[in-house]
Chemist: 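Submitted below is the structure of interest, expressed as structure tokens.
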Amino acid sequence: MDSNLYIYNTLSRTKEKFEPLHPPLVGLYVCGPTVYSDVHLGNCRTFVMFDLIYRYLLHLGYKVRYVRNITDAGHLEGDMDEGDDKFAKKARLEQLEPMEIVQKYTLGFHDVMRLFNALPPGIEPTATGHIIEQIEMVKQILNNGYAYEVNGTVYFDVEKYCKEFNYTILTNRQLDDLLENTRELGGQNEKRGRLDFALWIKAKPEHIMQWPSPWGTGFPGWHIECSAMSSKYLGNSFDIHGGGMDLAATHHTNEIAQSQACNHVQPAKYWMHTNMLTVNGTRMSKTKGNGFLPHELFTGSHELLSRGYSPMSVRFFMLQAHYRSTLDFSNEALEASDKGFKRLINAYGLLEKLNPSQKSDIDLKSLTERCYAAMNDDFNSPVLIAELFEAVHIINSVYDRKTAATAADIEALKKLMDDFVIGVLGLKEESNQSDDMGKLLDFIINLRSEAKVNKDYATSDKIRIGLNSIGIQLKDNKEGTTWNKI
RNA sequence: GGUCGGGUGGCCGAGUGGCUAGGCAGAGGUCUGCAAAACCUUUUACAGCGGUUCGAACCCGCUCCUGACCUCCA
């Protein structure tokens, strides 16, 4: 289990050798979506990138417990402690119960993740399902002296915490600057310090989602759910905590503070943050209104798109950038990824049709090593993909009989592609050569081949053009005819 | 204002003190009934100005531009 995996840790701002706390077990916690509206493509990027990370850890042989929460309570609209609950607001808008909102968008999220071929996490806990755990944690933080209660609301005492711990460890900000530049927020008259944040919030009578607590009826603050659920399922201290970069400064900073105040340990050994998806250089976000919804992308129903793109092409587009880089979204970039993905996956399909030779002029050992080296270097999927195109080159060349490969080489090629394209990158063929449509197409291709043998090119071209018009491309070569979806 | 990033060829996007990233697009060729695919060859590059160095796109300084976070947000 001694891998050479290096992970960029936000805590240290360097790449560190990955050494799990309890190998071969790995605890992975990722902040999931807030299910009051559809997830957009930027959200999806984070979950696809952590899917890559999860898959690679599994591939290396780790036993990974992957926890990704569903936030279904506790998020307020606008300023701290004053705004509407997002779920209640949306429920009023759509004339539904808040839990109907939660159900609707949770199911939608799962559908999208399935389309992107993301493995489901082992545990997907919800905030509303863990109110008791959150209350217990708040009680413990109060007992430890890092929080105080005012009129049914419990606040975290950041100033007190700062005397013993480094509050800004994730972002390296200066506390004085934070104090000077933090905007005037709600609840100021109740709070002792302007950086203090709510652990438990007293519910107004009209607030729909509320629960009894030692401090009266209320609901949990924004950050406590992840602390409570991660420690419940992964222990007070676990291996990797991930999420989008936008969460680092506030949500994750406060999570660390809560866990330290409660358990006196750093919750996670490695903090990983994925970068943002941008459109024309600015971040895609719900509030900016430049968010793409996955189905708009799949169907092409968006003004910036010339056509629809399949989930696998979009996944491939995401994988072609490193998770810590911003990725700029455009129709042109997507078009390029779509073609690249098809090139890769078509080569994968050709693996079954390769003919072995006695000799070999390829070096798969070095290629395989480079694939591992790429992923071991902080999950560098773009470099991995570049290496895999070397494999594509080899496969095509062997198929064309321009390069010789032994049966053992071909097996190794298959393993390489299975391991990395299917297993690690999580890509898959979107059309299957052996299903009913495949058999039907084989039949049609045979008819066309007969026409070609008889030099009846009018018929053969008619078939080819006709299939092309419904999205099936035929490719003639020495071995016969193959097809793929356009 | 503070913190942290980034500026790479037509586009997306890696990387590094000296060795082709890769994909897409463009050009030429091979193959082919034609086409496509595949294969071969190939053009376009590291924001600007200084400095360190035998050598810098990569290190340092300055300038310009730009992004994220600092308020819920993946």
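In what follows, chains are A, B, ... by sequence order, proteins preceding strands, each numbered from 1.
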Chemist: Could you walk me through whether A/Y8 and A/E16 satisfy the side chain to side chain donor-acceptor pair (under 3.5 Å) test, starting with their C-alpha distance in whole Å, then the side-chain angles of each, then the deciding distance to 0.1 Å, before giving a yes or no?
Modeler: CA-CA 6 Å; A/Y8 183 89; A/E16 296 175 14; over 6 Å; no
Chemist: For B/rC39, what is the paired nucleotide under Watson-Crick or G-U wobble rules, both distances under 3.5 Å?
Modeler: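 Across all strands, the one nucleotide that pairs with B/rC39 is B/rG29.
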Chemist: Does B/rG15 have its OP1 or OP2 closer than 4.0 Å to a side-chain nitrogen or oxygen of A/N380?
Modeler: yes
Chemist: Could you tell me whether the phosphate oxygens of B/rA74, OP1 or OP2, come under 4.0 Å of any side-chain nitrogen or oxygen in A/T34?
Modeler: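 A/T34 to B/rA74 OP1/OP2: side-chain N or O found under 4.0 Å.
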Chemist: Using atom NE2 of A/H251 as one end and atom C1' of B/rC73 as the other, report the distance to the nearest whole Å.
Modeler: 11 Å
Chemist: Taking 5.5 Å and 30° as the limits, would you call A/Y457 and the base of B/rG33 a stacked pair?
Modeler: yes
Chemist: Just checking, is any N or O donor in the side chain of A/T326 or A/N275 under 3.5 Å from an acceptor N or O on the other one?
Modeler: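 There is no such pair (donor and acceptor under 3.5 Å, judged by atom type) between the side chains of A/T326 and A/N275.
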Chemist: Is a side-chain donor or acceptor of A/D377 paired with a backbone partner of A/A374 at a separation under 3.5 angstrom?
Modeler: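 Looks like no, no N/O pair under 3.5 Å.
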Chemist: Does A/E94 have more than 12 heavy atoms from other residues, nucleotides or ligands lying within 6.0 Å of its CD?
Modeler: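 Yes - once you tally the heavy atoms of other residues, nucleotides and ligands closer than 6.0 Å, there are more than 12.
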Chemist: Quick one: look up who B/rG61 pairs with, Watson-Crick or G-U, both distances under 3.5 Å, and put none if it's unpaired.
Modeler: B/rC49
Chemist: Report which part of the nucleic acid A/A333 touches: base, sugar-phosphate, or nothing (heavy-atom distance under 4.0 Å, all strands).
Modeler: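 Sugar-phosphate, no base atom in range.
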Chemist: What string of B, S and - do you get for nucleotides 38-47 of chain B, 5' to 3', when a contact is any protein heavy atom under 4.0 Å?
Modeler: SSS-------
Chemist: Return the pairing partner of B/rC34 with a 3.5 Å limit on both distances, Watson-Crick or G-U wobble; otherwise return none.
Modeler: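 Check on B/rC34: unpaired, no WC or wobble geometry under 3.5 Å.
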Chemist: Less than 4.0 angstrom between a side-chain N/O of A/T250 and OP1 or OP2 of B/rC70, yes or no?
Modeler: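 Yes, A/T250 has a side-chain N/O under 4.0 Å of OP1/OP2 on B/rC70.
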Chemist: What is the base-pairing partner of B/rC11, counting Watson-Crick and G-U wobble geometry with both distances under 3.5 Å?
Modeler: B/rG23
Chemist: Counting only Watson-Crick or G-U wobble pairs whose two distances fall under 3.5 Å, which nucleotide matches B/rG5?
Modeler: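 Here B/rG5 is engaged in a pair, and the nucleotide opposite it is B/rU66.
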Chemist: Can you identify which nucleotide, out of B/rG13, B/rG67, B/rG33, has its nearest atom closest to the A/T282 side chain?
Modeler: B/rG67
Chemist: For A/H273, report the nucleic acid contact type (base, sugar-phosphate, nothing); a contact means any heavy atom under 4.0 Å.
Modeler: nothing
Chemist: Look at the side chain of A/D328 against the base of B/rG13 and say whether a donor-acceptor pair falls under 3.5 Å; ignore hydrogens and angles.
Modeler: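 Per atom types, no contact qualifies.
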Chemist: Kindly say whether A/Y309 contributes a backbone atom to a donor-acceptor pair with the side chain of A/S313 at under 3.5 angstrom?
Modeler: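 No.
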